[in-house]
Enquirer: 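One structure, pasted below without further comment.
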Protein chains: 2
Amino acid sequence: MIKALKGVTNLGQWVSWNPITGQMDVRQGGTWIIEDDLLVEYRSQNYKDLNFLDAGGRLLTPGLIDPHTHPAFASTREIEFELRSQGKSYQEIAASGGGIRNSVRQLREITELDLSALIRNRLNQMLAHGTTTVECKSGYGLSTESELKSLRAIRSASLQSEIQTFSTFLGAHEVPDEYRQDRETYINLLINEMIPLVSELKLADFCDVFCEEGVFSAGETEKILESAKSNGLKLRFHADEFVSSGGAELAAKMGALSADHLMAITDKGIQALAASDTVATLLPGTTFFLGSKSWAPARKMIDAGVTVALATDFNPGSNMSLSMPFIMTLAVIYLKLTPLEALQAATVGAAKSLGIAETRGCLASGFQADLVVWDADNYRQLPYFYGINQVSTVIVQGKHII
Amino acid sequence: MIKALKGVTNLGQWVSWNPITGQMDVRQGGTWIIEDDLLVEYRSQNYKDLNFLDAGGRLLTPGLIDPHTHPAFASTREIEFELRSQGKSYQEIAASGGGIRNSVRQLREITELDLSALIRNRLNQMLAHGTTTVECKSGYGLSTESELKSLRAIRSASLQSEIQTFSTFLGAHEVPDEYRQDRETYINLLINEMIPLVSELKLADFCDVFCEEGVFSAGETEKILESAKSNGLKLRFHADEFVSSGGAELAAKMGALSADHLMAITDKGIQALAASDTVATLLPGTTFFLGSKSWAPARKMIDAGVTVALATDFNPGSNMSLSMPFIMTLAVIYLKLTPLEALQAATVGAAKSLGIAETRGCLASGFQADLVVWDADNYRQLPYFYGINQVSTVIVQGKHII
């Protein structure tokens with residue numbers, strides 16, 4: 001059922017970043033008026049009109065925004081999940097041909113049409129769990145042909161789903177097997193062929209690099225991202241996930257919109273982010289799924305003044321989950337965010353991570369009408385009652401989707 | 001839609017404990033024939049008949065069994081969840097009037113009808129996530145009147161849901177405030193009034209005690225359970241959750257069906273369970289939700305020959321989740337069970353914990369036709385793809401419920 005709405009009325013609690021006061025607001029009751037795809041104004045009265053959605057006194061929040069996902073994969077990797085239960089590490093599995101390289105072999109074989117159908121399914125599941133905007137990365141192709149195929153599949157899947165997407169070129173996810181002995185050539189391929197093509201074909205909004213010991217060094221990352229920047233792509237990248245390699249500092253220096261993961265960030269890295277506009281996008285689902293004890297030092301970052309976003313990191317190897325509410329649960333339990341900070345990080349923080357905080361992630365006049373009504377009384381219940389889907393209604397750009 | 005079925009056909013993978021070989025079977029295709037409420041036989045062919053459910057090549061398992069839940073509560077406690085994110089411990093919150101005592105105040109005020117409606121809702125959510133049999137405890141009343149009210153509300157909710165329930169009297173969940181200075185009197189009330197009444201009114205199958213330092217000592221637990229036993233109740237109890245107090249040894253000695261939690265079990269306790277018929281019912285959701293690092297030593301127990309069950313411990317204070325598949329995810333990541341062991345613990349293991357392994361928890365001739373078809377290709381995907389509900393169809397006693 002897709003229907004244009006004039007508003008959402010009979011609200012219970014509604015919670016959002018307030019762009020005027022610069023704080024999270026927790027308010028109660030009334031109606032948000034919608035015109036076309038935008039929120040127009042808040043009114044304290046209720047409406048009896050079939051063009052208004054009746055929230056029935058339930059909780060309203062902005063649609064959740066997931067700024068880091070890898071949905072363009074051909075096959076799930078549950079066998080590796082089992083291997084980890086038997087004591088194999090993520091790194092050991094990767095070294096024996098599993099991990100990203102496993103997904104690369106399969107991605108290169110699948111047709112674009114089949115891949116697009118898989119992605120569309122995943123995007124619709126995200127939407128059903130309250131995500132109205134999502135960032136989608138390529139990165140399991142690692143050849144010009146299959147990276148372009150991935151980005152085209154993301155685009156066509158997106159056109160067939162009501163969720164809103166941003167695309168990220170992640171050709172620098174790993175060095176593919178055929179260039180293992182000659183990584184310089186692969187980096188040149190990224191810089192001289194893939195990035196210009198992706199840019200010319202307008203297939204991506206962002207460029208990402210897996211900046212990590214054993215993958216791409218800080219120096220290589222800088223080189224790749226410089227090329228992306230000069231080709232008009234915005235920057236965001238995997239930084240300081242397992243080992244500190246100065247990723248956060250590099251992100252701040254290069255003006256990246258976001259540095260992601262950051263479990264191994266140093267105090268210097270935190271200071272660099274705090275002094276910059278770069279958002280720290282945290283992915284506690286990965287720490288959880290890998291059974292690791294390395295949680296990003298979120299509290300330290302927030303206290304230092306860093307803007308924090310949350311994301312799922314949905315991918316078949318290190319986090320097979322697309323639920324943003326569950327990520328909020330992890331953020332409260334393990335990152336020690338309050339439930340309100342977790343909601344902030346999953347809405348306005350995530351919008352900043354994608355550079356769209358002027359138009360999305362808030363309940364405020366002039367913002368896009370991307371909204372979720374929850375089967376909950378208050379925002380604290382979102383992370384608290386976990387493992388079930390509490391979504392009642394999803395509205396994207398003023399249209400009632402679910 | 002409730003409809004009696006003649007079978008489930010066009011199976012994909014189907015996975016179950018095999019009571020003849022004493023192992024988990026992983027098989028493929030064919031049909032399970034149902035007669036009334038029972039599984040009759042497996043046939044390798046498929047059927048085209050509207051009285052058969054077409055599984056469409058999906059995964060079939062026995063219905064999941066959740067042998068430890070506390071669904072009889074009046075109010076959620078998300079405020080305490082927030083307090084924990086700010087550094088307060090479960091024990092500190094309890095000491096300042098929160099915790100179980102918070103739930104007791106609210107339970108005593110709610111009407112039986114309202115409580116029953118809340119429980120019914122929760123039972124139906126469990127069913128929707130693949131649980132076909134669940135154990136439900138009282139224990140937030142802590143007075144004769146409100147414990148009986150809780151058990152009656154569980155019974156009436158159960159009659160209005162298609163899920164199958166067992167009831168447990170947990171008057172010994174805590175010493176209520178009015179007896180803090182005189183615990184002996186409360187224990188006598190349990191023994192001389194509540195247990196005989198619960199037994200006479202046939203309101204519970206089991207008796208449980210929270211055997212833990214600061215709650216009920218091993219000596220007190222034994223005294224209460226002796227009384228329960230002589231009143232015809234079967235025994236199961238909270239043992240060695242935070243501190244080892246000989247709970248596992250006591251459970252084995254008294255012939256309890258199950259000892260639950262066991263994060264602090266000793267090697268002696270493991271040996272005692274291994275030499276007994278008492279099941280170790282593990283609740284990793286509680287460790288997770290409390291952000292604790294104390295996971296029950298499941299691997300050690302399995303290797304010693306202890307029968308292990310999994311349960312949610314669904315309750316408003318220490319685990320607000322009713323999803324058994326998510327508990328399987330935790331079991332694989334943190335308890336290091338394989339996905340197959342996790343499924344075993346959530347079906348036949350859980351059935352043993354409730355003393356119903358002769359009739360439930362297996363796909364085998366003569367067993368109850370409690371079945372779940374999953375939107376999954378294989379059993380490994382159940383714990384792997386987490387945070388979403390993969391249930392496709394739920395069948396209880398041969399009837400298509402969901």
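Naming: A, B, ... by sequence-line order, numbering from 1 per chain.
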Enquirer: Side chain from CB out, backbone as N, CA, C, O: work out which of these in B:R299 comes under 4.5 Å of a heavy atom of chain A, or both, or neither.
Expert: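 Contact with chain A involves no heavy atom of B:R299 at all.
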Enquirer: Where on B:E82 is there a heavy atom nearer than 4.5 Å to chain A: the side chain, the backbone, both, or neither?
Expert: both
Enquirer: Which atoms of B:F326 come close to chain A, meaning under 4.5 Å heavy atom to heavy atom: side chain ones, backbone ones, both, or neither?
Expert: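 Side chain of B:F326 only, per the 4.5 Å heavy-atom cut-off to chain A.
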Enquirer: Does anything in residues 336-344 of chain B reach chain A? List residues with heavy atoms under 4.5 Å apart, or say none.
Expert: B:K336, B:L337, B:T338, B:P339
Enquirer: Quick one: of B:Q86, B:Q125, B:E78, B:H129, who has the most non-hydrogen atom pairs under 4.5 Å with chain A?
Expert: B:E78
Enquirer: How long is the straight-line distance from CD1 of A:I333 back to CZ of B:F81, given to the nearest 0.5 Å?
Expert: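 Output value for this atom pair is 4.5 Å.
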Enquirer: Once salt bridge (charged side-chain N to carboxylate O under 4.0 Å, His left out) is applied, do any residues pair with A:R101, and if so which ones, sequence neighbours excluded?
Expert: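 For A:R101 the salt bridge (charged side-chain N to carboxylate O under 4.0 Å, His left out) partners, ignoring immediate neighbours, are A:D177.
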Enquirer: Determine the option with the most heavy-atom pairs under 4.5 angstrom with chain A, choosing from B:G87, B:P316, B:P325, B:A331.
Expert: B:P316
Enquirer: Identify, with sequence neighbours excluded, every residue that meets side chain to side chain contact (heavy atoms under 4.5 Å, CB included) alongside A:S321.
Expert: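 Expected list: A:N319, A:S323, B:Y386.
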Enquirer: Less than 4.5 Å apart, any side-chain heavy atom of B:I388 and any of A:L322?
Expert: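 Side-chain contact under 4.5 Å: yes.
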Enquirer: Residue by residue, scan residues 373-385 of chain A and write down, ordered by number, those that have a heavy-atom distance under 4.5 Å to chain B; if none do, write 'none'.
Expert: A:N378, A:Y379, A:R380, A:Q381, A:P383, A:Y384, A:F385
